[in-house]
Every structure is written in structure tokens, then in C-alpha cells.
Amino acid sequence: TAFNDPVLDRLVHTACEQNLPLQIAGLRIMEARAQRGIAAGSLFPQQQQMTAAYSRAKFSDNMYPFGLFPGNREYDNWVAGFDMAWELDIWGKIQRGIEAADANLGAQVENYDAVLVILQADVAATYIQMRALEEQWTYAKKNVEIQQDSLKIIQNRFEQGVVGELDVRQAGAQLAITESLIPRLEQTHRQVQNSLCLLLGMPPGSLQAELGEPRPIPTPPAEVVVGIPAELLRRRPDVRRAEHQAAAQSARIGMAEADFYPTLAITGNIALQAEQFGDLLDWRSIGGSIGPGLQWNILNYGRIQNRVRVEDVRFQQAVVAYQNAVLAANKEAEDAIVAFLREQQRVKSLEQAAREVTRALEIGLRLYEQGVVDYQRVLD
């Protein structure tokens with residue numbers, strides 16, 4: 001908005017709504033939120049299963065010979081029950097998993113913000129490049145007009161015998177070279193416009209009406225508010241994303257270390273079992289069991305220890321990546337600030353140079369018409 005260009009404002013707004021990579025980043029947030037829900041659900045009984053079954057069985061006559069089998073050799077079995085297993089989070093493994101999921105969710109949110117910032121910058125840069133090409137195209141056409149007038153002057157002087165054919169050929173070559181720039185500028189302009197369409201999630205050529213007639217190149221403000229350098233780095237989503245990724249990996253170390261200790265789980269089931277379906281609802285058909293279970297992977301300590309080492313090394317990598325992100329952000333911010341300030345000085349010098357060479361061309365053409373200088377001076 002600091003450029004005060006309503007067309008650019010509309011393009012950025014459209015890009016934020018329609019850009020496809022940004023939508024992917026948003027869907028990754030939804031995925032991370034769902035994964036966080038899965039991790040949090042592990043605090044509750046991890047296994048629940050309802051069963052309903054029917055079977056008809058017959059004992060072999062040879063299993064109980066001589067009629068010693070009590071009762072009927074054939075019978076029905078109706079069962080309806082509920083099984084449950086609940087691993088208690090004594091050592092914080094599940095809680096650390098939730099911490100990792102929370103940090104991963106935060107990283108995806110920061111990733112979305114990073115994509116959003118880059119998208120807005122790309123739209124603005126591409127739009128400004130397109131307006132710059134339009135202005136170059138305008139200048140190229142003006143140069144063609146100037147050189148056409150210059151060629152007419154030279155042709156008249158040639159017909160009058162004042163100058164030789166060399167001046168005519170030089171002027172014609174210069175005009176042809178300048179004219180050759182226009183198709184290239186039109187080609188580049190269309191390609192940049194197509195890039196803008198891609199950023200906005202639109203088919204190529206869809207922005208003709210929106211862009212309208214050529215407009216001036218947006219002018220940046222003379223000053224930008226940067227603030228305290230440390231706060232500038234903290235605002236960068238890529239730095240915050242690297243921080244969340246390191247936090248998530250730190251939590252995974254705790255998840256791996258929890259395997260050193262025994263796990264305590266409570267398992268149980270309750271069931272209705274009867275030979276006749278109509279007897280299932282009888283209270284005497286109720287049966288069940290409940291009890292604790294202990295599991296300790298004592299003989300797997302070598303593998304567990306190496307898993308911890310793997311997660312710890314990955315954490316160290318994430319910390320180094322975070323430090324590198326901070327350094328890279330610091331460099332980019334410093335480079336951008338220096339470039340912004342120095343380019344302002346360069347623009348002033350270029351504007352002065354443009355005024356000087358414009359005036360020099362006017363003087364050179366007039367002196368050439370008077371026969372004071374040759375045409376090579378005008379070309380220069």
C-alpha cells in the first residue's frame with residue numbers, strides 16, 4: 001500500500017485469495033492441526049473395540065467317545081462385548097508428542113506466513129517490472145520517432161550534397177536497431193504478465209482488463225520503517241518457522257527417551273455371552289476382565305539409545321538451521337536496507353544524467369543541421 005497504486009492493491013488482494021501454493025500452505029496447517037488432534041487423543045484409551053459375533057460349533061464324536069460328553073455336542077454361541085487398552089503416560093511420552101505436534105503446527109503457520117510475504121513481494125515486483133517494461137516501450141517508440149526525424153534531416157542533407165551516404169546508412173542502422181527493441185519489449189511484457197497471472201492463480205492473458213492502460217512505475221516512499229534490528233528478525237516468518245521446527249525436534253528426543261522405562265497399561269473387556277440370542281440381555285450373561293500390564297524392553301536398550309541419539313542429532317541440525325536462518329535473515333535485511341538507501345542516491349544521479357544527455361542530443365542535432373559537427377557526434 002505504500003506504493004499508492006490501486007491496481008497493485010487489487011492484484012495483491014486477489015493473489016492472497018487465489019494463489020495455489022498459498023492454498024497448499026494453508027492445507028498443510030489443516031493437516032498439522034489434525035495431526036495435533038491425533039497426538040492429543042493418545043492421552044485417552046488408545047484401543048477400543050466393540051465386538052459382536054455368532055458361531056455354531058459341534059464337538060467331534062471321537063473327542064468324547066462312549067457318550068461321555070455331557071450335554072449337547074452341538075451348540076450356538078452369541079457374543080457382544082467391548083475391549084479396551086489404556087497405556088498410562090507415566091514418563092511423558094504422549095505429552096512430549098503433543099508438544100512436538102504443537103510446534104509442528106506453529107511451524108506450518110509460520111510457513112504460511114512466509115509464503116504469504118513472498119507472494120506479496122513477488123506480485124509487487126512482477127507488477128513493477130511490467131510497468132517498467134511499459135515505460136521502456138514508450139521510450140523506445142519516442143526514440144524511434146526522434147531517429148525517424150533525424151533520418152529525414154540526413155536524407156535531405158544527402159540529397160543536397162552536404163553529407164555523404166555514410167551518414168544516411170549510420171542513421172538507418174541506428175533506427176533499425178531501435179525498432180528491433182520494440183518486439184523484444186512486447187515479448188518480455190507478455191511473459192511478465194503471464195507470470196503475474198500465475199501468481200494470481202489465473203490462466204495466461206486473464207489480466208488484460210484488470211491492468212488497463214499503461215501506468216507510471218510505482219514510486220517507493222522516501223523512507224521505510226525498519227525498527228530495531230532484533231525485532232525485524234523476529235518478525236520474519238522463516239526465522240520463527242525454524243525456531244518451531246527446532247522445538248518440535250526437541251520434544252521428539254523426550255519421546256524416544258521414554259522408551260527406556262517400562263510402560264504400564266490397563267486392559268479390560270466386558271462381554272455378553274449366551275447360547276441363545278434371547279439370553280444375551282440377561283444379567284447372568286455378563287462377563288469380563290480387567291487388569292494392569294507391564295512391558296519393559298530391557299533387551300532393546302541398544303536400539304533405544306541409538307534412536308535417542310538419532311533424534312538428538314536431528315535436534316542439533318535443527319538448532320544449526322535456526323542459527324543459519326537468523327544469519328541469513330540478518331544478511332538479507334542488511335543488504336536490502338543498504339540497497340534501498342544507495343539506490344535512492346543512484347536514481348538522483350541517473351535523473352541528472354538523463355537531463356544532461358537529453359539536452360546534449362538537442363544541441364548535437366542542431367549543430368549537425370548547421371554543419372558544425374558530423375553525425376557520429378549525434379550517434380554518440
Side-chain angles (χ1 to χ4, degrees), residues 2-12 14-15 18-19 118-155 167-221 336 339-340 342-362 364-365 375-380:
F3 288 106
N4 294 317
D5 189 314
V7 177
L8 176 58
D9 293 343
R10 290 196 297 270
L11 292 176
V12 170
T14 302
Q18 299 181 182
N19 180 261
I118 294 172
L119 171 64
Q120 293 175 345
D122 286 346
V123 171
T126 306
Y127 175 79
I128 291 172
Q129 182 184 5
M130 186 192 67
R131 294 306 186 195
L133 287 167
E134 291 173 351
E135 194 153 323
Q136 290 177 23
W137 181 71
T138 300
Y139 282 136
K141 289 199 301 181
K142 289 182 178 179
N143 285 338
V144 168
E145 294 173 359
I146 293 173
Q147 291 169 17
Q148 286 175 341
D149 294 339
S150 178
L151 180 59
K152 291 177 183 178
I153 295 173
I154 297 172
Q155 287 174 336
D167 286 0
V168 178
R169 298 304 179 187
Q170 285 180 323
Q174 184 65 35
L175 174 60
I177 291 173
T178 304
E179 288 176 334
S180 70
L181 297 176
I182 294 179
R184 176 59 61 86
L185 289 172
E186 292 174 341
Q187 170 193 339
T188 307
H189 179 271
R190 185 56 183 268
Q191 291 172 341
V192 171
Q193 192 179 112
N194 290 340
S195 298
L196 197 57
C197 290
L198 179 61
L199 291 171
L200 271 63
M202 304 170 67
S206 303
L207 287 173
Q208 296 285 356
E210 176 69 20
L211 296 173
E213 297 297 323
R215 296 172 59 91
I217 300 174
T219 304
F340 179 75
R342 297 298 175 262
E343 282 297 310
Q344 288 182 324
Q345 298 174 353
R346 181 169 175 265
V347 165
K348 293 179 181 178
S349 299
L350 289 174
E351 290 174 343
Q352 178 64 24
R355 289 191 293 267
E356 296 293 340
V357 297
T358 301
R359 180 60 179 157
L361 177 60
E362 295 172 354
L365 284 172
Y375 190 66
Q376 185 61 45
R377 188 70 178 273
V378 178
L379 288 177
D380 294 338

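Judged as a salt bridge (charged side-chain N to carboxylate O under 4.0 Å, His left out), not a single pair has a partner in residues 177-196 (not counting sequence neighbours).
In this structure, D149 CG and I153 CD1 are separated by 6.5 Å, a value rounded to the nearest 0.5 Å. Once rounded to the nearest 0.5 Å, the distance linking CE of M130 with CD of Q191 reads 14.0 Å. The OG1 atom of T126 sits 11.5 Å away from the CG atom of N194 when rounded to the nearest 0.5 Å. Put simply, CD1 on I118 and CG on N19 are 11.0 Å apart, with the number rounded to the nearest 0.5 Å. To the nearest 0.5 Å, atom CD of residue Q147 and atom NZ of residue K152 are 13.5 Å apart.
Residues Y127 and V7 are in side-chain contact: their nearest non-hydrogen atoms beyond the backbone lie under 4.5 Å apart. Using a 4.5 Å heavy-atom threshold, the side chains of L196 and V192 count as separate. For the pair L350 and R355, the minimum side-chain heavy-atom distance is 4.5 Å or more. Side-chain contact between I128 and F3 is present, with at least one heavy-atom pair separated by less than 4.5 Å.
For Y139, the OH atom counts as loosely surrounded, since its 6.0 Å shell holds 12 or fewer non-hydrogen atoms of other residues, nucleotides or ligands.
Ionic pairing of R346 and E343 is present here: one or more N-O contacts between side-chain nitrogen and carboxylate oxygen are shorter than 4.0 angstrom. With salt bridges taken as basic N to acidic carboxylate O contacts below 4.0 Å, none links E351 and K348. Salt bridge status for R359 with E362: present, with a side-chain N to carboxylate O gap under 4.0 Å.
Side chains of Q352 and E356: a donor on one and an acceptor on the other come within 3.5 Å.
In terms of the salt bridge (Lys or Arg N to Asp or Glu O under 4.0 Å) criterion, R377 has no residue partners (sequence neighbours excluded).
Heavy-atom minimum distance, A140 versus I182: CB-CG1, 4.0 Å. A354 approaches V357 most closely through the heavy-atom pair O-CG2, 3.3 Å.
Checking side-chain atoms of S150 against main-chain N and O of I146 turns up no donor-acceptor pair under 3.5 Å.
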Contacts table for residues 198-220: side-chain donor-acceptor under 3.5 angstrom, sequence neighbours left out:
from	atom 1	to	atom 2	distance (Å)
S206	OG	P203	O	2.7
Q208	NE2	Q193	OE1	3.0
E210	OE2	R10	NE	2.8

Inset, instruction - Carefully, step by step, assess N143 and Q148 under the rule side chain to side chain contact (heavy atoms under 4.5 Å, CB included). - result: CA-CA 8 Å; N143 285 338; Q148 286 175 341; over 6 Å; no
